[in-house]
There are 2 protein chains.
Amino acid sequence: MTVTSLHDPAHREALWELEAAFDRGDLISVFGRCSVSYEGRAASDLGSGDRLLLLKPDGAALVHTDEGQKPVNWQPPGSEHRAAVREGRLRVTSVRETPEETLRVHFSDVQQLSAMSVTGGRDLELHGSEEDLRTRILERPDLIEAGFEPIGTEHPSNAGPIDVFGVDADGTPVVVELKRRRVGPDAVGQLARYVRAIREELGTEGSSVAEPETEGSSMANPPDDADTTRVRGMLVAPSVTERAAERLADRGFEHVALEPTPAE
Amino acid sequence: MTVTSLHDPAHREALWELEAAFDRGDLISVFGRCSVSYEGRAASDLGSGDRLLLLKPDGAALVHTDEGQKPVNWQPPGSEHRAAVREGRLRVTSVRETPEETLRVHFSDVQQLSAMSVTGGRDLELHGSEEDLRTRILERPDLIEAGFEPIGTEHPSNAGPIDVFGVDADGTPVVVELKRRRVGPDAVGQLARYVRAIREELGTEGSSVAEPETEGSSMANPPDDADTTRVRGMLVAPSVTERAAERLADRGFEHVALEPTPAE
DNA sequence: AATTCCATCTCGACT
DNA sequence: AGTCGAGGTGGAATT
């Protein structure tokens, strides 16, 4: 028997089955009228209503209503589930530490309880990720620009690992930041930190004062002036928002439109 | 009857019940052996295994295994669920547009199907958010620093709305960025953009070139030099990471340790 | 519909 | 355990 199911159980019955399911390491679902409270990283209270409580053997707990992709309340994996009957009502509690947080679900009515034993199948294969984009560029560097040569990926710098580091046809260093989807201004800031780190490392730029970040100063580095552009910054993403484009232009960076997977 | 449940149904039976439940607008759970494939913003494939499929009347679909807080596969609210039997097997498909994406769940075995009618209770009350932090500061500005006076919240600037804008005891403008929890370097970049925008707006700073972002330049603005510090940047958060602290110091910004809710 | 930013983000990798 | 960055991030507010 891989699924045990109780219909409209008494709270005591539900408790027994729940504890047996905990022991078996089953995936458990409880549907019924309940109130929920959470306290930990934040705090919340949810009045009485019909909800589905999912209890996983790895300690995760999810409270779902009839809408939304996210649970209204939850507890991360690693929590410990406990159940009890107080005042004739089923209470489920899920607690974890570091950080300490507690989820409490108090049922006034249990309409169904199911315990399911789960086996196999965790081999998810995901395509179209940032890693796919990196692979694509390493296989065809000309997608960035003719003559581009990758030197390394996850290239270490003071500002953290650079997605792709390389040189262009003129031998000028190029810092490449990859994003799998359309990006906002935040990505430009990230690219700027990497470029700055490499400029400092290579001791380029006339003075110790690097590229000003001022949005007002439209001192975009002209691409033909090698003296002030000895390190190029390149954002590779399917597209960029308008504000991101502005920030790119302000800093003299470039955008290359590229999808993580080839267009069909 | 608010819960309908089928044990080890034939695939045809499951289909009938599924379609009836769609019509009723029920919350549906299907547990059984299945394979899952997704195509849309990315693409993924998941081999055969025991999983719980949750179908919500708002169009959300969730595929859960025995571990993890997040579903292994899902479809956002607004999708349309369809079910069919092909080659004697139950197939559930969930499709949405803009962006176009499809989730397909093929069952080889249905162990349980439940349809639940959900009513009421969506009045979640959440505490400890960034908004709570803002409220707390407005009620007690001295928590920032003695003499601090808030002028406005969500104060408009070229770089976007500033969490709290105010002046200190000397009348110097103060840009305050709020974070409800420990922050990394990204928050400092955000604060920097706001401060720069205000400096430009007020036309302060000796030249049109604003504060350089160079990490090497340890030109922290001394707090007693009013000429170069006519706009102060302040990061209010419970704590900051080490790298964030460095970037704060580089730019002459300050950190005020404050929780979104008062310590008990 | 697109953009922006918060989130009890979650998750994984690395230190 | 803490930090950092990716994510099919999700979700809400705003434009």
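Per chain, numbering begins at 1; letters A, B, ... match sequence-line order.
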> Would you measure the distance from the C1' atom in C:dC11 across to the matching atom in C:dA7 and give it in whole Å?
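Taking atom C1' in both C:dC11 and C:dA7, they lie 14 Å apart.
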
> Could B:Asp50 and B:Arg33 be called an ion pair, given the rule that one side-chain N must be under 4.0 Å from one carboxylate O?
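Salt bridge present between B:Asp50 and B:Arg33.
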
> To the nearest angstrom, how far is A:Ile162 atom CD1 from D:dC4 atom C1'?
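Going from CD1 in A:Ile162 over to C1' in D:dC4 covers 15 Å.
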
> How many whole angstroms separate atom OH of B:Tyr38 from atom P of D:dT9?
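In whole Å, D:dT9 P lies 8 Å from B:Tyr38 OH.
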
> Return whichever of B:Arg180 or A:Val240 has its heavy-atom-nearest nucleotide of DNA chain C closer to the 5' end.
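First, find each residue's nearest nucleotide; the 5'-ward one identifies A:Val240.
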
> According to a strict under-4.0 Å criterion, is B:Arg96 in side-chain N/O contact with OP1 or OP2 of D:dG8?
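No, because none of the side-chain N or O atoms of B:Arg96 sits under 4.0 Å from OP1 or OP2 of D:dG8.
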
> Looking for any heavy atom pair under 4.0 Å, which part of the strands does A:Ser129 touch: base, sugar-phosphate only, or nothing?
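Sugar-phosphate, backbone atoms only, no base.
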
> Let me see the working for B:Glu177 and B:Tyr194 under side-chain hydrogen bond (donor to acceptor under 3.5 Å, both in side chains), right down to the final yes or no.
CA-CA 9 Å; B:Glu177 172 68 20; B:Tyr194 294 148; 4.6 Å; no

> Between B:Ser44 and A:Gly68, just flag the one whose closest nucleotide in DNA chain D comes earlier from the 5' side.
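Closest to the 5' end, via its nearest nucleotide, is B:Ser44.
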
> If you only use heavy atoms from C-beta on, which nucleotide in C:dC5, D:dG8, C:dT10 is closest to the side chain of B:Asn73?
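Comparing C:dC5, D:dG8, C:dT10 against the side chain of B:Asn73, the answer is D:dG8.
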
> Tell me what B:Glu67 touches on the nucleic acid: a base, only sugar-phosphate, or nothing, going by heavy atoms under 4.0 Å.
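Nothing: the residue B:Glu67, judged by heavy atoms under 4.0 Å, touches no strand.
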
> Counting the atoms with a prime plus P, OP1 and OP2 as sugar-phosphate, which does A:Glu177 contact under 4.0 Å by heavy atoms, base, sugar-phosphate, or nothing?
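If one applies the 4.0 Å heavy-atom cut-off, A:Glu177 turns out to touch the sugar-phosphate alone, with no base involved.
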
> How many whole angstroms separate atom NZ of B:Lys70 from atom C1' of D:dA6?
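To the nearest whole Å, that distance equals 10 Å.
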
> Suppose you measure atom P in C:dT4 against the same atom in C:dT8; what distance do you get, rounded to whole Å?
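Per the computed distance, 22 Å lies between those P atoms.
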
> How many whole angstroms separate atom NE2 of B:His127 from atom P of C:dA7?
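My rounded result for the distance is 15 Å.
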
> Any idea which of C:dC9, C:dA2, C:dT4 is nearest the A:Thr241 side chain?
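It is C:dT4.
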
> For B:Glu130 and D:dA13, give me the distance from atom CD to atom P, rounded to whole Å.
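One finds 14 Å between P of D:dA13 and CD of B:Glu130, rounded.
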
> Any Lys/Arg nitrogen of A:Arg180 or A:Glu130 sitting under 4.0 Å from an Asp/Glu carboxylate oxygen of the other?
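Looking at A:Glu130 together with A:Arg180, the answer is no, because their closest N to O distance does not fall below 4.0 Å.
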
> Between D:dG8, C:dC6, D:dG11, which nucleotide gets closest to the side-chain atoms of A:Gln69?
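That would be D:dG11.
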
> Is A:Glu259 paired with A:Arg136 through a side-chain N to carboxylate O contact shorter than 4.0 Å?
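So A:Arg136 does not pair with A:Glu259 through a salt bridge.
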
> Is the distance from OP1 or OP2 of D:dA6 to the nearest side-chain N or O of B:Arg41 less than 4.0 Å?
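Answer no for this pair, as no side-chain N or O of B:Arg41 is under 4.0 Å from OP1 or OP2.
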
> If you check the A:Arg243 side chain, which of C:dC6, C:dT4, D:dG11 turns out closest?
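That would be C:dT4.
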
> Can a salt bridge be assigned to the pair B:Arg104 and B:Glu39 using a cut-off of 4.0 Å between side-chain N and carboxylate O?
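B:Glu39 and B:Arg104: not salt-bridged.
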
> Choose from D:dA6, C:dT4, C:dA7 the nucleotide whose nearest atom is closest to any side-chain atom of A:Lys179.
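Among the listed nucleotides, the one closest to the side chain of A:Lys179 is D:dA6.
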
> Heavy atoms only, 4.0 Å cut-off, all strands: where does A:Glu101 land among base, sugar-phosphate and nothing?
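It contacts base atoms.
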
> Please report the distance separating the C1' of D:dG8 from the corresponding atom of C:dC14, rounded so that it comes out in whole Å.
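Per the computed distance, 25 Å lies between those C1' atoms.
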
> Considering only C:dC9, C:dC6, D:dG8, which nucleotide approaches the side chain of B:Gln190 most closely?
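Closest of the options to the side chain of B:Gln190: C:dC6.
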
> Among the nucleotides D:dA1, C:dA2, D:dG8, which one has an atom lying closest to any side-chain atom of A:Thr98?
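Per side-chain heavy atoms of A:Thr98, the pick is D:dA1.
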
> When the distance from CD of A:Glu97 to P of D:dG2 is rounded to whole Å, what number comes out?
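It is 13 Å, rounded to the nearest whole Å.
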
> In this structure, how many angstroms lie between the P atom of D:dT9 and the CG atom of A:Leu126, rounded?
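Result: 10 Å.
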
> At under 4.0 Å between heavy atoms, what does B:Pro76 touch on the DNA or RNA strands: base, sugar-phosphate, or nothing?
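Answer is base: heavy atoms of B:Pro76 come under 4.0 Å of a base.
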
> Using a 4.0 Å heavy-atom cut-off across all strands, classify A:Arg181 as base, sugar-phosphate, or nothing.
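Base contact.
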
> In whole angstrom, what separates B:Leu62's CG from C:dT10's P?
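Taking atom P of C:dT10 as the reference, CG of B:Leu62 is at 16 Å.
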
> Does B:Arg51 use its side chain to pair, donor to acceptor, with the backbone of B:Cys34 at less than 3.5 Å?
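Side chain of B:Arg51 to backbone of B:Cys34, a donor-acceptor pair under 3.5 Å: yes, one is there.
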
> Closest to the B:Tyr194 side chain: D:dG5, C:dC5, D:dG8?
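The answer is C:dC5.
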
> Of all the choices, D:dC4, D:dT9, C:dA2, which nucleotide is nearest to the side chain of B:Trp74 once you look at every atom?
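So the nucleotide nearest the side chain must be D:dT9.
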
> Is A:Glu80 salt-bridged to A:Arg96, cutoff N-O under 4.0 Å?
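Judged by the 4.0 Å cut-off on N to carboxylate O distance, A:Glu80 and A:Arg96 do not form a salt bridge.
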
